[in-house]
J.: 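Below you'll find the structure I mean.
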2 protein chains.
Amino acid sequence: MSPRARAPKAAPPAAEARDIPTEVKDPGLVTRRRRQIVDAAVRLFIAKGFHKTTTREIAKAAGFSIGTLYEYVVSKEDVLYLVCQAIHQEVEERIRARLPQASHGAMALEAAMEVYFTVCDEMSDHILLIYQETKSLPKEAMRFVLAHEQRLTDLFADLIRRGVEDYSLRPLNHAEIGLLAHDIAVLGHMWTFRRWALSPRLSLADYIGLQKELILGQLR
Amino acid sequence: MSPRARAPKAAPPAAEARDIPTEVKDPGLVTRRRRQIVDAAVRLFIAKGFHKTTTREIAKAAGFSIGTLYEYVVSKEDVLYLVCQAIHQEVEERIRARLPQASHGAMALEAAMEVYFTVCDEMSDHILLIYQETKSLPKEAMRFVLAHEQRLTDLFADLIRRGVEDYSLRPLNHAEIGLLAHDIAVLGHMWTFRRWALSPRLSLADYIGLQKELILGQLR
DNA sequence: GGTTGGTGAGCGAGCGCTCAGTCGGACAAG
DNA sequence: CTTGTCCGACTGAGCGCTCGCTCACCAACC
């Protein structure tokens with residue numbers, strides 16, 4: 001992953017270990033172009049997969065040439081990294097934006113599941129992409145993905161824990177709480193990769209309702 | 001996917017729509033060689049992924065040259081197809097081999113979950129592979145994979161239905177049974193792609209126990 | 001206003017290489 | 001000689017990435 005000779009980045013010596021060479025360009029332009037790249041790449045990766053998409057296609061779909069693409073990105077793998085990062089950020093933002101704070105315990109958990117499952121539905125193509133291409137990421141970037149997944153799971157674990165503390169949920173030990181949180185996270189993803197079997201018979205609302213029943217029924 | 005000029009398969013005109021040209025060779029050798037190919041490919045695909053594995057590597061790992069590889073296979077995609085087929089067959093065989101028939105209702109379901117989760121653990125690398133590479137399969141082959149997944153799910157659905165009928169489980173409608181069956185199937189897979197978070201805190205036996213509780217607690 | 005020189009975003013032909021798939025021939029058995 | 005099996009050098013398409021170049025823009029100077 002050699003940085004381009006033309007961009008000697010004389011500024012901070014080694015400040016940004018991760019995050020693609022930040023060069024000496026207009027940072028506004030850089031972020032705008034990167035967003036264009038990510039938008040184009042997401043569409044293409046979803047349609048054809050990472051390996052079957054060429055860098056030329058990405059550049060074209062983003063509205064410029066390969067030369068320009070490589071002004072803003074160090075390698076094709078970096079594009080995938082940016083894409084994964086963007087997707088996770090969007091998932092997290094959508095969830096946090098819609099989470100009601102006011103409620104407590106069981107109610108809060110129920111609301112969170114509702115929000116989470118809805119977001120999973122909205123972004124199912126993206127979530128599928130993450131499942132399929134995470135392994136193509138370099139080691140370090142993969143840790144980033146897993147860390148995000150863990151953070152999301154922790155969100156559910158916290159809600160359950162709070163429910164236990166205020167007695168709106170039955171007592172649970174550490175392991176049980178962790179597992180239940182993972183169950184919720186995965187059951188959300190399940191809607192994205194089992195839609196082919198599920199959605200003909202079940203609406204999203206039905207799905208959410210039944211899964212809430214399954215989890216919360218176990219917790220009361 | 002151009003068939004080799006050297007293998008004109010003059011025999012039945014279009015008998016085998018799927019299933020690689022069966023030529024006019026010793027069928028014993030063909031199946032033996034194909035098994036070698038599949039064994040080698042599984043190992044390599046698990047380690048490096050489909051796209052990053054070369055046909056030459058597969059041939060070498062199988063113990064012969066590329067030329068020979070292409071005597072028994074029509075394309076690289078076909079290797080992936082054979083691999084997916086073999087994995088599914090193995091999963092199914094292992095499960096059916098260990099399923100006790102004698103028991104009934106809730107007991108049978110519980111036993112089936114135990115067996116299924118154990119097989120998922122044994123074959124977790126293979127299941128992960130399926131998740132990641134199914135999309136690289138040609139359309140028709142993909143249907144095969146989904147059909148297998150459906151058959152496995154139906155197995156659980158049948159057990160639940162029988163449990164409802166003999167009153168060892170509470171009454172459930174069609175949609176609920178279907179969803180629960182999918183939940184079980186996916187919860188089995190979950191152990192394979194969340195081991196990084198789960199297994200430090202939970203043994204397989206713990207995992208099985210808690211998940212059985214979750215599902216069966218809901219059904220009694 | 002006109003000229004000049006500097007700057008850097010953008011370009012795309014093409015380099016270097018990888019890799020799926022081919023083919024002509026070697027070799028052994030019948 | 002024929003047939004079945006295997007070999008591996010060879011081919012050519014296609015890919016990621018590079019780099020010499022263009023050109024719009026701006027500021028300085030006449």
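By convention in this document, chain letters (A, B, ...) are assigned in the order of the sequence lines, proteins followed by strands, and residues within each chain are numbered from 1.
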J.: Mapping B/Arg32 and B/Arg56 onto DNA chain D by nearest heavy atom, which one lands closer to the 5' end?
T.: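 Nearer the 5' end of the strand: B/Arg32.
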J.: Before accepting this row, confirm whether a basic side-chain N of the pair B/Asp154/B/Arg151 lies closer than 4.0 Å to the acidic partner's carboxylate O.
T.: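 Salt bridge: no.
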J.: On DNA chain C, does the nearest nucleotide to A/Phe64 precede the nearest nucleotide to B/His51 from the 5' side, or the other way round? Give the residue.
T.: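 Nearest nucleotide further toward 5': that of A/Phe64.
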J.: Quick one: which of C/dC11, C/dG12, D/dC6 gets closest to the side chain of A/Glu71?
T.: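 Nucleotide nearest to A/Glu71's side chain: C/dC11.
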J.: Indicate, yes or no, whether a donor-acceptor pair under 3.5 Å links the base of D/dG4 to the side chain of B/Arg33.
T.: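 For B/Arg33, whose side chain was compared with the base of D/dG4, there is no donor-acceptor pair (under 3.5 Å).
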J.: Kindly point out which of D/dC7, C/dG10, C/dA13 is positioned nearest to the side chain of B/Ser65?
T.: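 Selected nucleotide: D/dC7.
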J.: So, do A/Tyr207 and A/Met190 sit near enough that their side-chain heavy atoms are less than 4.5 Å apart?
T.: yes
J.: Just to be sure I understand the rule, does A/Thr54 reach a base, reach only the sugar-phosphate, or reach nothing, if contact means heavy atoms closer than 4.0 Å?
T.: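 Sugar-phosphate contact only.
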J.: Rounding to an integer number of Å, can you tell me how far B/Glu77 CD sits from C/dC19 C1'?
T.: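 Going from B/Glu77 (CD) to C/dC19 (C1'), I get 15 Å.
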J.: Compare all side-chain heavy atoms of B/Phe45 with those of B/Ile58 and state whether any distance is below 4.5 angstrom.
T.: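 Result yes, sub-4.5 Å side-chain heavy-atom pair found.
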J.: Where the side chain of A/Lys76 is defined as all heavy atoms beyond and including C-beta, which of D/dG16, C/dG10, C/dA20 is the nearest nucleotide?
T.: D/dG16
J.: Which of the following nucleotides, D/dC17, C/dC11, C/dA20, is nearest to the side chain of B/Thr55?
T.: C/dA20
J.: Provide, to the nearest angstrom, the distance between the CG atom belonging to A/Leu69 and the P atom belonging to D/dC15.
T.: 15 Å
J.: Counting side-chain heavy atoms from C-beta on, which of C/dG21, C/dC11, D/dC6 comes nearest to B/Tyr70?
T.: C/dG21
J.: Can you identify which nucleotide, out of C/dG14, D/dG16, C/dC11, has its nearest atom closest to the A/Ile66 side chain?
T.: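 Out of C/dG14, D/dG16, C/dC11, the nucleotide with an atom closest to A/Ile66's side chain is C/dG14.
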J.: To the nearest Å, give me how far apart NZ (A/Lys60) and P (C/dA13) are.
T.: 13 Å
J.: What I want to find out is whether A/Lys48 reaches A/Glu57 closely enough, with some N-O distance under 4.0 Å, to be called a salt bridge.
T.: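 A/Glu57 and A/Lys48: salt-bridged.
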J.: For A/Tyr72 and D/dC17, give me the distance from atom OH to atom P, rounded to whole Å.
T.: 18 Å
J.: Report the distance from atom CD1 of A/Ile58 to atom P of C/dC11, rounded to the nearest whole Å.
T.: 16 Å
J.: Are B/Arg194 and A/Thr153 linked by a side-chain donor-acceptor pair shorter than 3.5 Å?
T.: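 The answer is yes; a qualifying pair exists.
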J.: Can you check the B/Lys52 NZ to D/dC15 P distance for me, whole Å?
T.: 17 Å
